[in-house]
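Encoded as structure tokens, the structure appears first; notes follow it.
Numbered from 1 within each chain, the chains take letters A, B, ... in sequence-line order.
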2 protein chains.
Amino acid sequence: MTTSGSDGHRRAHTGRRRNEEARQAILDAALRLLTTARHDGGPTVDVIAHEAGVGKQTIYRWWQSKGAVLLEALTDWSDSLVPVPDTGSLREDLCTYLAHTFRRAGEPATAAVLRTLAAEAARDPGTAELFRQFTQTRRDALHAIVRRGRERGELGPELDLDLLVDQAYGLFWYRFLLGHGPLNQETAVRLTDALTCQ
Amino acid sequence: MTTSGSDGHRRAHTGRRRNEEARQAILDAALRLLTTARHDGGPTVDVIAHEAGVGKQTIYRWWQSKGAVLLEALTDWSDSLVPVPDTGSLREDLCTYLAHTFRRAGEPATAAVLRTLAAEAARDPGTAELFRQFTQTRRDALHAIVRRGRERGELGPELDLDLLVDQAYGLFWYRFLLGHGPLNQETAVRLTDALTCQ
DNA sequence: GCGTTATCGAGACCGACAGTTCCGACAAAT
DNA sequence: ATTTGTCGGAACTGTCGGTCTCGATAACGC
């Protein structure tokens with residue numbers, strides 16, 4: 001609608017203190033542009049700034065790079081992305097979590113975000129580190145599921161859980177980015193079977 | 001040593017026909033620059049052209065993008081990269097292949113090449129397609145190993161071999177690019193065990 | 001109250017780099 | 001002998017991440 005900012009009103013100046021509204025406007029704009037399906041690269045800094053009704057300086061004063069903005073927007077958004085189930089059954093928890101993850105990644109908006117972030121991480125070392133931290137939180141979630149399963153005796157006590165987690169997320173990212181194979185619900189089931197040695 | 005071309009002599013002009021020496025010089029320069037450890041992004045087109053003693057036009061006349069040049073250089077080079085073992089034992093073949101793959105990826109030159117190509121593929125859709133083709137040849141190699149194993153009865157006949165292959169290569173690329181976990185010889189053994197359900 | 005100070009939006013500017021276009025030279029094709 | 005396509009070299013364009021400057025504004029410290 002409006003060409004500057006998500007709405008037409010002018011933000012009040014906060015003088016010598018950081019403008020929290022501007023911060024939110026930047027993150028909102030970043031996420032909005034990130035989820036807008038495009039086939040080229042991610043949004044440019046100029047476009048984010050313009051969309052947020054903000055000067056580029058205001059972005060670079062608070063974030064170290066474009067990737068940092070995008071990743072913070074993603075992190076805020078994804079906190080409620082994929083819940084971590086705890087039903088008492090490893091196979092059920094695992095399959096639910098994987099199926100949910102695959103389904104989300106299949107949605108165009110989510111896919112665009114993840115793809116753009118991965119590309120940005122490949123370009124900028126600083127963003128790569130932030131991306132590493134983001135994936136770490138997902139690893140932790142999956143790790144918790146399999147650890148509970150092992151504590152219940154559903155997995156051998158000597159099993160390398162990190163390896164198991166990385167087999168799952170490795171397959172996910174590999175297929176998501178390269179697209180050699182599908183990421184559907186059947187894949188989730190089969191992967192669950194394979195990981196639990198059924 | 002020399003500032004233009006890998007050696008000092010001037011190439012002979014081939015008139016109206018394509019200069020094969022120039023083509024090789026470009027690919028050689030691309031690979032040489034690709035394997036040179038750098039912490040920033042890949043080599044620029046200008047540098048490749050200068051290193052090969054060639055005009056940029058000569059590059060863009062024969063390749064559609066920088067990534068296409070890099071990927072052709074990589075493909076030529078990697079044909080003899082990781083041999084496909086066939087000892088008659090699935091676990092031995094698998095473990096050998098994975099261990100070899102991991103070891104190669106640990107060498108700085110190889111690591112720089114793979115990392116740069118992955119970044120380039122993330123940036124440019126055309127290069128992404130070529131990268132997909134490259135990884136497909138590696139998938140095929142691993143697929144052949146497990147297919148032979150299944151034919152010998154070392155795997156269940158209903159197993160999804162594509163899934164198995166993608167678990168392996170997924171873990172490889174995930175750890176290679178993100179670095180959450182190691183890619184050492186023990187990892188190869190453990191992964192082999194996991195994939196063959198030992 | 002009043003000078004100081006930090007942030008704000010806006011825009012000019014810089015440097016890197018992918019990709020294009022032009023040029024004179026050259027030899028094969030015709 | 002003329003035409004044609006490539007070659008090396010270089011200037012040029014456009015995009016984009018990131019920096020710098022500027023006037024306006026209001027909180028902060030005295």
Counting just side-chain N and O atoms, does [X] come under 4.0 Å of either OP1 or OP2 of [N]?
| X | N | result |
| --- | --- | --- |
| R17(B) | dG5(D) | no |
| T58(A) | dG9(C) | yes |
| R11(A) | dG9(C) | yes |

Between [X] and [Y], is there a donor-acceptor pair closer than 3.5 Å when you use the side chain of the first and the backbone of the second?
| X | Y | answer |
| --- | --- | --- |
| N19(A) | A12(A) | yes |
| D93(A) | T87(A) | yes |
| K66(A) | T127(A) | no |
| R123(A) | R123(B) | no |

Quiz prompt | Geometric class of the W173(B)/F131(B) ring pair [parallel <30°, tilted 30-60°, perpendicular >60°] | solution = perpendicular
Practice problem: Report the relative orientation of the aromatic rings in F172(B) and F176(B); use parallel for angles under 30°, tilted for 30 to 60°, perpendicular for over 60°. | Solution: parallel
Whole angstrom is fine here: how far is it from [atom1] in [X] over to [atom2] in [N]?
| X | N | atom1 | atom2 | value |
| --- | --- | --- | --- | --- |
| E20(B) | dA28(C) | CD | C1' | 16 Å |
| R16(A) | dG29(D) | CZ | C1' | 7 Å |
| N19(B) | dA28(C) | CG | P | 12 Å |
| I59(A) | dG9(C) | CD1 | P | 10 Å |
| I48(A) | dG18(D) | CD1 | P | 11 Å |
| L33(A) | dG17(D) | CG | P | 12 Å |
| R18(A) | dA27(D) | CZ | P | 18 Å |
| Q57(A) | dC20(D) | CD | C1' | 8 Å |

Quiz item: Which residues within residues 111-128 of chain B lie with some heavy atom under 4.0 Å of an atom in DNA chain D?
Solution: none
Quiz item: Quick one: on DNA chain D, does R61(A) or G67(A) contact a more 5' nucleotide (nearest heavy atom)?
Solution: G67(A)
Of the nucleotides [options], which has the atom closest to the [X] side chain?
| X | options | result |
| --- | --- | --- |
| H13(A) | dT4(D), dT19(D), dT25(D) | dT25(D) |
| R10(B) | dG19(C), dT19(D), dG9(D) | dG9(D) |
| Y60(A) | dG17(D), dG19(C), dG8(D) | dG17(D) |
| W62(A) | dG18(D), dC8(C), dA18(C) | dC8(C) |
| K56(B) | dA18(C), dC16(D), dA27(C) | dA18(C) |
| D46(B) | dA18(C), dG8(D), dC8(C) | dA18(C) |

Self-check item: Ring-face cation of R18(A) near W62(A) (centre distance under 6.0 Å, axis angle within 45°)
Solution: yes
Quiz item: Under 4.5 Å between any side-chain heavy atoms of I48(B) and L70(B), yes or no?
Solution: yes
